[in-house]
K.L.:
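Encoded as structure tokens, here's the structure I'll be asking about.
Convention: sequence-line order gives letters A, B, ...; per-chain numbering from 1.
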2 protein chains.
Amino acid sequence: MTDSATDARARLEQAGLEATPRRVAVLEALAALPHAPAAQELLDAVRRTTRMDKVTLYRTLDLLVEAGILQRHTGADGAFRHCMAPAGENAPHGHFQCTRCGVMTCLPPLPEALDAAALLPAGVTVEHVEVRLDGVCGRCRQG
Amino acid sequence: MTDSATDARARLEQAGLEATPRRVAVLEALAALPHAPAAQELLDAVRRTTRMDKVTLYRTLDLLVEAGILQRHTGADGAFRHCMAPAGENAPHGHFQCTRCGVMTCLPPLPEALDAAALLPAGVTVEHVEVRLDGVCGRCRQG
DNA sequence: TTGAAAATGCAACTCGGTTGCATTTGAGCC
DNA sequence: GGCTCAAATGCAACCGAGTTGCATTTTCAA
Ligand SMILES: [Mn+2]
Ligand SMILES: [Mn+2]
Ligand SMILES: [Zn+2]
Ligand SMILES: [Zn+2]
């Protein structure tokens with residue numbers, strides 16, 4: 001049993017969720033990827049070790065987002081990406097997405113400047129802040 | 001001929017695009033809406049005055065975004081929204097989207113704090129900044 | 001061991017958006 | 001006013017991400 005699997009189990013049980021093989025596999029695959037993958041890429045990664053239907057993946061992602069273990073972000077292409085929520089940390093972070101290869105990478109925590117709710121119309125409540133920088137990554141820019 | 005139609009024609013011709021009835025109708029409908037609609041809502045609005053196929057709308061939106069007349073933004077639900085790009089202004093603005101009714105509203109120009117490319121990995125080029133605040137709007141919050 | 005609840009798989013479906021191709025429109029020209 | 005040809009539009013079929021309903025399997029507690 002790898003320690004990443006142990007970590008995955010710990011986070012699941014800590015959230016009161018059953019540590020099933022697919023859920024552990026999803027968390028392990030996600031931890032092994034250096035970026036925030038789309039569902040299809042994550043499914044491919046999981047399937048290298050575990051048989052899983054795409055419906056199960058989508059249901060698992062819903063569950064993990066609901067439990068606060070994962071964060072869901074909107075890609076410039078309209079497809080969702082998921083990344084690990086830093087454990088015990090609640091500072092939101094933004095993402096960079098390459099318009100050529102589509103890879104989305106996590107950025108360090110945002111400056112507080114964004115919390116400036118001064119911009120907001122009156123009477124609204126903000127639950128989530130999404131910041132995405134779109135451009136060309138080093139590799140696609142012919143690095 | 002309303003002056004909003006005249007404005008629409010002006011912007012189209014200024015961009016070197018033919019001012020066809022559908023294009024003018026799309027720009028007029030968009031200018032009349034107080035927010036950044038999804039394609040279906042925009043199509044409904046246009047159809048109150050003009051017969052238009054959804055494919056024509058999507059092609060028109062592509063064209064207007066390409067010409068810099070419209071901006072395209074990703075909604076929290078994965079569907080795109082479009083809003084008028086302020087003429088002659090290039091400061092990016094963010095959006096607020098209500099998680100209950102789905103309405104997306106434009107916000108005033110962003111503070112410069114976001115341009116802090118200090119957060120970025122080396123070798124990347126940023127072309128577009130997308131900022132979206134998700135929460136509950138005044139009306140849905142039972143105003 | 002067994003029974004019920006939860007998790008998973010499979011097929012069919014929805015919805016936003018796209019593609020190919022036939023038809024119509026309209027600006028430039030006579 | 002009538003041609004001409006490219007651009008614009010409509011229609012049908014399609015695509016991919018994500019969802020729903022329901023049958024089957026797994027898990028865990030009694
Ligand atoms: Mn992230
Ligand atoms: Mn806007
Ligand atoms: Zn790239
Ligand atoms: Zn609302």
Side-chain angles (χ1 to χ4, degrees), chain A residues 8-9 12-13 15-27 29 36-47 49-67 69-82 97 99 102-104, chain B residues 1 5 8-9 12-29 36-47 49-67 69-82 97 99 102-104:
Chain A
R9 265 172 242 272
L12 286 166
E13 278 155 17
L17 300 176
E18 203 174 310
T20 71
R22 331 278 142 170
R23 292 174 188 170
V24 172
V26 166
L27 288 180
Q40 185 55 57
E41 182 183 357
L42 183 54
L43 190 56
D44 292 343
V46 166
R47 281 176 169 165
T49 70
T50 310
R51 164 201 175 83
M52 178 154 68
D53 189 78
K54 70 168 182 171
V55 176
T56 306
L57 175 60
Y58 283 116
R59 288 197 277 233
T60 300
L61 291 173
D62 284 348
L63 196 81
L64 296 175
V65 168
E66 187 67 21
I69 296 174
L70 297 188
Q71 289 181 7
R72 172 171 295 160
H73 302 285
T74 55
D77 53 4
F80 293 119
R81 315 280 156 142
H82 294 82
Q97 187 173 20
T99 55
V103 168
M104 176 180 284
Chain B
M1 158 105 43
R9 265 171 242 274
L12 285 165
E13 279 155 15
Q14 179 178 349
L17 299 176
E18 202 175 315
T20 70
R22 332 279 140 169
R23 290 174 190 171
V24 172
V26 167
L27 288 181
E28 284 196 85
Q40 186 56 56
E41 182 183 357
L42 183 55
L43 190 57
D44 292 343
V46 167
R47 280 177 170 164
T49 70
T50 311
R51 164 201 175 82
M52 178 153 69
D53 189 79
K54 70 168 183 169
V55 176
T56 306
L57 175 60
Y58 283 116
R59 287 196 277 233
T60 300
L61 290 173
D62 284 348
L63 197 79
L64 296 176
V65 168
E66 187 66 23
I69 297 175
L70 297 187
Q71 288 181 7
R72 174 171 293 159
H73 302 285
T74 53
D77 53 5
F80 294 118
R81 316 278 156 143
H82 294 82
Q97 186 172 22
T99 53
V103 168
M104 175 180 283

K.L.:
Atom CG of Leu12(A) and atom C1' of dT27(D): how far apart are they, to the nearest Å?
P.N.:
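To the nearest whole Å, that distance equals 15 Å.
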
K.L.:
Considering non-hydrogen atoms only, spot the tightest contact between Met104(B) and Gln97(B) and give its length.
P.N.:
CE-OE1, 3.8 Å

K.L.:
Rounded to whole angstroms, how far apart are CZ on Phe80(B) and P on dG16(D)?
P.N.:
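Result: 16 Å.
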
K.L.:
Hey, what are the protein-to-nucleotides 1-6 of chain C N/O distances that come in under 3.5 Å?
P.N.:
none

K.L.:
Thr49(B) and Ala25(B): which non-hydrogen atoms are nearest, and at how many Å?
P.N.:
OG1-CB, 4.5 Å

K.L.:
Considering residues at least two apart in sequence or located in another chain, which fulfil the side-chain hydrogen bond (donor to acceptor under 3.5 Å, both in side chains) criterion with Gln40(B)?
P.N.:
Asp44(B)

K.L.:
Taking five pairs at each end, how big is the angle between the two axes of the helix from dT1(C)-dA30(D) to dC30(C)-dG1(D), to 10°?
P.N.:
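Axis-to-axis angle, ends of the helix: 30°.
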
K.L.:
Check side-chain contact (heavy atoms from CB on, under 4.5 Å) between Ala67(B) and all other residues, then give those that pass, not counting sequence neighbours.
P.N.:
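Per chain and number, Ala67(B) pairs via side-chain contact (heavy atoms from CB on, under 4.5 Å) with Ala15(B), Leu17(B), Ile69(B).
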
K.L.:
For the side chain of Arg51(A), starting at C-beta, report the closest nucleotide among dG9(C), dT9(D), dG18(D).
P.N.:
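Comparing dG9(C), dT9(D), dG18(D) against the side chain of Arg51(A), the answer is dG9(C).
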
K.L.:
In whole Å, I'd like the distance from the CG atom of Leu42(A) to the P atom of dG18(D).
P.N.:
11 Å

K.L.:
Would you say that Leu61(B) contacts Leu57(B) through its side chain, given a criterion of any heavy-atom pair below 4.5 Å between the two side chains?
P.N.:
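Result yes, sub-4.5 Å side-chain heavy-atom pair found.
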
K.L.:
Side chain of Thr56(B) only, please: which of dG16(C), dT9(D), dG9(C) is the nearest?
P.N.:
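Nearest to the side-chain atoms of Thr56(B), counting from C-beta on, is dT9(D).
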
K.L.:
Rounded to the nearest 0.5 Å, what separation is found between the NZ atom of Lys54(A) and the CG atom of Leu42(A)?
P.N.:
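So the NZ of Lys54(A) and the CG of Leu42(A) are separated by 14.5 Å.
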
K.L.:
Check whether any side-chain nitrogen or oxygen of Thr20(A) sits under 4.0 Å from OP1 or OP2 of dT8(C), and answer yes or no.
P.N.:
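For dT8(C), OP1/OP2 do have a side-chain N/O of Thr20(A) under 4.0 Å.
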
K.L.:
Separation of Arg47(A) atom CZ from dT8(C) atom P, in whole Å?
P.N.:
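So the CZ-P distance, Arg47(A) to dT8(C), works out to 14 Å.
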
K.L.:
Measure from CG on Leu17(B) to P on dT9(D) and round the result to the nearest Å.
P.N.:
11 Å

K.L.:
Kindly write out the residues that satisfy side-chain contact (heavy atoms from CB on, under 4.5 Å) with Val103(B), not counting sequence neighbours, or none if the list is empty.
P.N.:
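In terms of side-chain contact (heavy atoms from CB on, under 4.5 Å), with neighbours along the sequence ignored, Val103(B) is linked to His35(B), Cys101(B), Thr105(B).
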
K.L.:
Describe the nucleic acid contact of Ala39(A) in one word from base, sugar-phosphate, nothing, applying a heavy-atom distance below 4.0 Å.
P.N.:
sugar-phosphate

K.L.:
Between Arg22(A) and Met52(A) (side chain of the first, backbone of the second, donor and acceptor by atom type, cut-off under 3.5 Å), is there such a pair?
P.N.:
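The answer is no, because no donor-acceptor pair under 3.5 Å joins these two groups.
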
K.L.:
Calculate the interatomic distance between Leu43(A) atom CG and dT8(C) atom P; express it in whole Å.
P.N.:
13 Å

K.L.:
Are any of the side-chain heavy atoms of Leu63(A) and Arg59(A) separated by less than 4.5 Å?
P.N.:
no

K.L.:
Name the atoms and distances for all side-chain donor-acceptor pairs under 3.5 Å in residues 73-82 of chain A, with sequence neighbours left out.
P.N.:
{"from": "His73(A)", "atom 1": "ND1", "to": "Glu130(A)", "atom 2": "OE1", "distance (Å)": "3.4"}
{"from": "His73(A)", "atom 1": "ND1", "to": "Glu130(A)", "atom 2": "OE2", "distance (Å)": "3.1"}
{"from": "His73(A)", "atom 1": "NE2", "to": "Gln71(A)", "atom 2": "OE1", "distance (Å)": "3.1"}
{"from": "Thr74(A)", "atom 1": "OG1", "to": "Arg132(B)", "atom 2": "NH1", "distance (Å)": "3.2"}
{"from": "Asp77(A)", "atom 1": "OD1", "to": "Ala79(A)", "atom 2": "N", "distance (Å)": "3.1"}
{"from": "Asp77(A)", "atom 1": "OD1", "to": "Arg81(A)", "atom 2": "NH2", "distance (Å)": "3.3"}
{"from": "Asp77(A)", "atom 1": "OD2", "to": "Arg81(A)", "atom 2": "NH2", "distance (Å)": "2.6"}
{"from": "Arg81(A)", "atom 1": "NH1", "to": "Gly102(A)", "atom 2": "O", "distance (Å)": "3.0"}
{"from": "His82(A)", "atom 1": "NE2", "to": "Arg72(A)", "atom 2": "NE", "distance (Å)": "2.9"}
{"from": "His82(A)", "atom 1": "NE2", "to": "Arg72(A)", "atom 2": "NH2", "distance (Å)": "3.3"}

K.L.:
I need the CD-C1' distance between Gln40(B) and dC15(C), as an integer number of Å.
P.N.:
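Rounded to the whole Å, the gap is 10 Å.
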
K.L.:
What heavy-atom pair brings Leu12(B) and Ala19(B) nearest, and what distance separates the two atoms?
P.N.:
CD1-CA, 3.8 Å

K.L.:
Within this structure, what is the CG-to-P distance between Leu64(A) and dA7(C), rounded to whole angstrom?
P.N.:
11 Å

K.L.:
Where along nucleotides 18-25 of chain C does protein come under 4.0 Å, by heavy atom, of base (B) or sugar-phosphate alone (S), with - for untouched nucleotides?
P.N.:
BBB-----

K.L.:
By side-chain contact (heavy atoms from CB on, under 4.5 Å), which residues pair with Glu18(B), not counting sequence neighbours?
P.N.:
Thr20(B), Arg23(B)

